[in-house]
Amino acid sequence: MSKNLWQKQLPGYRAYLPVELPPEASYVYRGNNTMSSALIAPNLQWLHGSDEMLVSHDVVVLGDQDTSKYILAGALTAKRSLTYFTVIRRGRLRGVEVFMPHIADGEKPEKLVVLEGSNPEDLLIKYAELAAEAMDVPPIDAKENMSGYCTWYYYYAGVSEANLLENVDAIAANRSVYNAQYIQIDDGYQRHQGDWLDQRDAWPTPLQTIAKKIIDCGSVPGIWTMPMLASTASRVYAEHPDWFVKDENGNTMVIQGWSPAPDNHWICLDASQDEVLEHLAHIFKTFRSWGYKYFKMDGLSYGLMEGRRNDPHATPVSAFRRAIKAIRDAVPDAVLLACSAPFMPCMGLVDNCRVSSDTNRYYSTPYKGVANTDLDTGCSISRAAHQTLCNWWKFDRWFRCDPDTLMARQDNAFYTYGEAKISVLTGIVTGVVLTSDHLGTIAPERLELLGRAQKLRMRDVRPVNWEVNRWPQVFSGTVDGKKALAIFNDSEQEVVYCFADYDMPLECKELLDTPSLRHGKIILPAHDAALLVAEN
């Protein structure tokens, strides 16, 4: 290979944190900075090899379980750059390399913190609180669970206006059991990605009229957009090609998106330009004037696209935050849900953030020999639950954490009743309880599960006896001020959970319709869930 193919050293801020831990130390908690996590394996891992390196996003915890000595290193801010940590093991854990790719030479880096303690969960909670303070996160109002409906995980890209309106009527007829606070219009109403105010012919009813129908049925209208993106087929690109991020040759940067052709080639708005911010504000103010007060902002991680922006001082992160702030200022009374988003740059600017990969109508992929033909083939109920639960320390500290839609229905579904309870319990521990289930066809006991999720909230959630190299299964907390235990048996066998092992009284109530409760224990089949609350 010719040496001129090698690039010069990458820019950015780099530092090294040496650590003093026992030679046996091998515990590592690694973070992920978006819901589209590369962490397919559990976040909690052993490093045993003589020569290993492991990358973590935003935060990392190293430690030794035998001596209960742990060290956390974390980024407190993300205003100009994301932060990456690389754990280095050379015979023993040696230290952590820090990398901030978009901090220029001589520029002040993002704020960092190093914490030490005997409990890794305590360290993560303290870190979450310090980062929220540094990023100016306002007090989070999570007194009530948030409920709602979207069409995507029932109809996917095949959704029609008639499908939506049929479900609006079904929601209105079932409010006594599940009262959907928000009803969201999904991807499919717009003519092209990026032309959010242009309806396609298959959606003939004006969005203003649909919003009024949703309001009349007792819900708040919501709508899906990808505000940072457009497709090369869009009107906005044809009219304003200078609004988009460019490559080093001045050509528009194009990536492969998940939309079908002709919307499959995506481009990123250059939010360092005032005209682009005015464009974003206009879109959201217009929707708000039509009655929409809940906005799902999807594809946000693509808004950090590398490339040239009009302002040479702007970074992908700083431009991204300018865009989200412009939207926040345009609709200050609306609920903003960030989806496929970089977690830290969203802090203080959004109300809710997805913390899991997409769910779907399969518990796992493939499901019992059934091929998954959905668009989101790599996703499942189990994967969404795992990723949600690994982000437990963010719940109501950085934003309201969205576990994606809850799956309870029996039709157009490939999961058991017990697996539905796993999905529903993620809504109870997060307080965000949206669904795509058709409330006109769902079985009564399945609808009742959604009703329980809307009414019940487990607070002060933290894992109990979280085993290394496993997803967390059991969480302690409170329900209505009483000690509570949330159990996710994602294993392939029946498990007996003894209350004494989790500091729970012998007499407990079970609130998720799990009949296997005994004195001092509960017996859970494989792929099942339970919510235990102390009797006194």
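Owing to the predicted nature of the structure, the values given are computational and were not obtained by experimental measurement.
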Between [Y] and [X], is there a side-chain donor-acceptor contact under 3.5 Å, judged purely by atom types and distance?
X    : Y    : answer
D186 : Q184 : yes
S81  : E110 : no
D404 : Y153 : yes
S259 : Q193 : yes
D490 : H386 : yes
S231 : D263 : yes
H102 : E107 : no
T435 : T405 : no
D187 : W152 : no

(request) Mind telling me whether Y84 and F99 have parallel, tilted or perpendicular rings, with 30° and 60° as the class edges? (result)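 Aromatic pair F99/Y84 classed tilted.
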
Taking all atoms of both residues into account, what is the closest heavy-atom pair of [X] and [Y], and its distance?
X    : Y    : result
F399 : F343 : CE2-O, 3.7 Å
E97  : M53  : OE1-CE, 4.5 Å
A78  : M135 : N-SD, 3.4 Å
D333 : K293 : O-CE, 3.8 Å
A134 : T77  : CB-CG2, 3.9 Å
D396 : R457 : OD2-NH2, 2.9 Å

(request) Please step through side chain to side chain contact (heavy atoms under 4.5 Å, CB included) for the pair D51 and R89, ending with a clear verdict. (result) CA-CA 5 Å; D51 187 353; R89 182 181 177 89; over 6 Å; no

If you take the centroid of each ring, where Trp contributes its six-membered ring, are [Y] and [X] closer together than 6.0 Å?
X    : Y    : answer
W466 : W471 : no
F287 : W290 : yes
Y70  : Y27  : yes
F284 : F295 : yes
Y302 : W266 : yes

(request) Decide yes or no on side chain to side chain donor-acceptor pair (under 3.5 Å) for S318 and T315, but give the supporting numbers first. (result) CA-CA 5 Å; S318 70; T315 70; 3.3 Å; yes

(message) Check whether N163 reaches the backbone of S160 with its side chain - one donor and one acceptor, N or O, closer than 3.5 Å.
(response)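 Checked: pair present.
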
(message) Using a strict threshold of under 4.0 Å (side-chain N to carboxylate O), is an ion pair present between K143 and D141?
(response)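 Looking at D141 and K143, the cut-off is met.
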
(message) Taking the basic N atoms (NZ, or NE/NH1/NH2) and the acidic carboxylate oxygens, is any pair closer than 4.0 Å for R383 and D358?
(response)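 Not counted as a salt bridge, because no side-chain N and carboxylate O are separated by less than 4.0 Å.
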
